[in-house]
Amino acid sequence: MSSDMEIRVLTTNKELQQVQQLEKDVWNMEPLPLHQTITAAQNGGLILGAFMDDELVGFSYGFPGFNKGKSYLCSHMLGIHKHYQDKGIGARLKQEQMAIARDMGYDLIVWTYDPLESRNGYLNLSKLHAICSTYAENCYGDMEDSFNSGLPTDRFKVEWWINSPHVKENQLVDGSGMDVLFQWETTLEKQPQLINVEETLKSISDSDTTIVVPVPACFQKLKSENNELAIDWRFKTRQIFQTLFTKGYAAASIRKSENQLVHYYVLVPKQLIDLKEKAGEK
């Protein structure tokens, strides 16, 4: 699959119209207006398309960001056609995005994703080596697309320090052998449910330890079967992550569990992650 795929920078009206159609197919919502994507592409943004037999099957869209004197690339959207998901296309797009962003002069790429979507988390943290220490409550307000309807749109805001040793040397924090402090149980419907969250949080102090946090292995399936349980996961994990980020932790990877209903975020003190670019290296 990957050897037959072509990834290229998109700039023309025709190409960006194809992106609009793919947005509709992926999220079942109105796409970004052409004047927005064209303007971003012409002013420090980066839009990439993945093509199979000249058909657009995936894209990424990013625009320039600036905060407190720091410029970065804000990677706002990554979409893959449903017939081409789980084939490594998203990872290929991100790797190409990183290479071109470096050439453009960026050293940081940021984006958001739903922390309960563990598949996205595994790509972002474990494969790409981005990190997260910022939690945004209901980031986009109420959304009615198929992925977000019925829940607050809480998001992780991830940082991808593309010139850091953590990224360039593939420094994976896997959390193997760590005890699971946050407990979960199986409901009568064979679904996972977090328990005793507040008691567990009270037992955690500011320390140089690694903490693992369970999240559903397939959140969309759980949500479709029991929306109340999905909301319960949203609010309980919101409390967990906000508390741990305040204590100085950062999410650094996801540890997958074989044949279980949950996977595990691995959190470590952010100060222990090597994010500093070495002098003279790019």
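The basis for the numbers below is simple: all heavy atoms, side chains too, and nothing from hydrogens, waters or symmetry mates. Note that the numbering runs from 1 along the sequence shown for the chain.
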Checking salt bridge (Lys or Arg N to Asp or Glu O under 4.0 Å) for the pair R8/E6: CA distance, chi angles, key distance, verdict? CA-CA 7 Å; R8 60 178 183 257; E6 177 190 7; 3.0 Å; yes

Can you establish whether the number of heavy atoms outside E228 located under 6.0 Å from its atom CD is more than 12? no

Could you give the distance from SG (C218) to NZ (K223), rounded to the nearest 0.5 Å? 12.0 Å

Can you tell me how the ring of H83 sits relative to the ring of H81, calling it parallel under 30°, perpendicular over 60° and tilted otherwise? tilted

Have a look at Y72 and tell me which of L108, I109, I162 forms a side-chain contact (heavy atoms from CB on, under 4.5 Å) with it. L108

All side chain to side chain donor-acceptor pair (under 3.5 Å) counterparts of T237, not counting sequence neighbours: none

Got a sec: does the CD of E198 have more than 12 other heavy atoms crowding it under 6.0 Å? no

Checking Q20 side chain against L32 main chain: does a donor-acceptor pair fall under 3.5 Å? yes

Derivation and outcome, side chain to side chain donor-acceptor pair (under 3.5 Å), residues K94 and S75: CA-CA 9 Å; K94 295 301 291 185; S75 183; 3.2 Å; yes

Y122 side chain near H263 side chain, heavy-atom distance below 4.5 Å: no

Separation of E15 CD from I47 CD1 (nearest 0.5 Å): 9.5 Å

Nearest 0.5 Å please: distance from the OG1 atom of T11 over to the CD1 atom of I38. 9.0 Å

Can you find a pair of side-chain heavy atoms, one from Y249 and one from S133, that are under 4.5 Å apart? no

Tell me whether W184 shares a hydrophobic cluster with I195, the cluster being built from Ile, Leu, Val, Met, Phe, Trp, Tyr side chains joined at under 4.5 Å. no

Please report whether the ring centroid of Y265 lies less than 6.0 Å from that of F182. no

Between OG1 on residue T243 and CZ on residue R238, distance to nearest 0.5 Å: 12.0 Å

N226 side-chain N/O to L222 backbone N/O, donor-acceptor pair under 3.5 Å: no

Less than 4.5 Å apart, side chain to side chain, heavy atoms only: is that true for S164 and K276? no

Side-chain heavy-atom pair E23, F59 within 4.5 angstrom cut-off: yes

Do R119 and D114 meet the salt-bridge criterion of a basic N to acidic O distance under 4.0 Å? no

Q191 and T186, any side-chain heavy atoms less than 4.5 Å apart: no

Show, in sequence, the C-alpha distance, side-chain angles and deciding distance for I80 and V26, and conclude whether the side-chain contact (heavy atoms from CB on, under 4.5 Å) test is met. CA-CA 7 Å; I80 311 296; V26 172; 5.9 Å; no

Can you see which heavy atom on G58 is nearest to which on L93, and at what distance? C-CD1, 3.9 Å

Show the nearest heavy-atom pair for residues Y84 and V57, with the distance to one decimal. CE1-CG1, 3.5 Å

Quick one: list whatever passes side chain to side chain donor-acceptor pair (under 3.5 Å) with D53, sequence neighbours left out. none

Checking K236 now: which residues fulfil side chain to side chain contact (heavy atoms under 4.5 Å, CB included) with it, not counting sequence neighbours? L194, V197, D232

F241 and P115: which non-hydrogen atoms are nearest, and at how many Å? CE1-CB, 4.4 Å

Specify whether Y113 and F156 have parallel, tilted or perpendicular ring planes, treating 30° as the upper limit for parallel and 60° as the lower limit for perpendicular. perpendicular

Less than 4.5 Å apart, side chain to side chain, heavy atoms only: is that true for W160 and V167? yes

Using a 4.5 Å cut-off on heavy atoms from C-beta on, say whether the side chain of V158 contacts that of T112. no

Any chance you could lay out the side-chain contact (heavy atoms from CB on, under 4.5 Å) test for F51 and L10, step after step, and finish with the verdict? CA-CA 11 Å; F51 292 85; L10 308 181; 3.8 Å; yes

Run the side chain to side chain donor-acceptor pair (under 3.5 Å) test on Q18 and E55 for me, step by step, so that the C-alpha distance in whole Å, both residues' side-chain angles and the decisive distance to 0.1 Å come before the verdict. CA-CA 9 Å; Q18 291 178 279; E55 176 190 358; over 6 Å; no

Is the closest basic N to carboxylate O distance between E96 and R92 below 4.0 Å? no

Among residues at least two apart in sequence or on other chains, which ones pass side chain to side chain donor-acceptor pair (under 3.5 Å) with K190? none

Test side-chain contact (heavy atoms from CB on, under 4.5 Å) on L201 and E199; report intermediate values, then the result. CA-CA 6 Å; L201 284 173; E199 293 86 344; over 6 Å; no

Sub-3.5 Å donor-acceptor pair from the side chain of S224 to the main-chain atoms of K221, do we have one? yes

In the structure I gave you, are the side-chain heavy atoms of L151 and T153 within less than 4.5 Å of one another anywhere? no

To the nearest 0.5 Å, what is the distance between CE on M104 and CZ on R102? 14.0 Å

Electrostatic pair D107-K70, nearest N-O below 4.0 angstrom: yes

So, taking the atom named CD1 in I7 and the one named CD in Q95, what distance separates them when rounded to the nearest 0.5 Å? 9.5 Å

Partner residues of E30 under the side chain to side chain contact (heavy atoms under 4.5 Å, CB included) criterion, sequence neighbours left out: none

Under the 3.5 angstrom rule, does the side chain of S257 hit a backbone N or O of Q260 as a donor-acceptor pair? no

Determine, stepwise, if the pair I204 / I211 fulfils side-chain contact (heavy atoms from CB on, under 4.5 Å). CA-CA 9 Å; I204 297 173; I211 297 175; 3.8 Å; yes

List the atom of R155, the atom of C139, and the distance in Å for their closest heavy-atom pair. CG-CB, 3.7 Å

A40: partners by side chain to side chain contact (heavy atoms under 4.5 Å, CB included), with sequence neighbours left out: Q36, Y61, F63

Salt bridge (Lys or Arg N to Asp or Glu O under 4.0 Å), that's the test. Do E159 and K270 meet it? Break it down for me. CA-CA 12 Å; E159 306 168 15; K270 188 175 181 179; 3.4 Å; yes

Correct closest heavy-atom pair for L73 and A101 would be CD2-CB, 4.3 Å

Can you see which heavy atom on V262 is nearest to which on P192, and at what distance? CG1-CB, 3.7 Å

Are the side chain of N138 and the backbone N or O of P152 linked by a donor-acceptor pair below 3.5 Å? no

Whether the side chain of S253 engages the backbone of V266 through a donor-acceptor N/O pair (distance < 3.5 Å, no angle test) should be reported. no

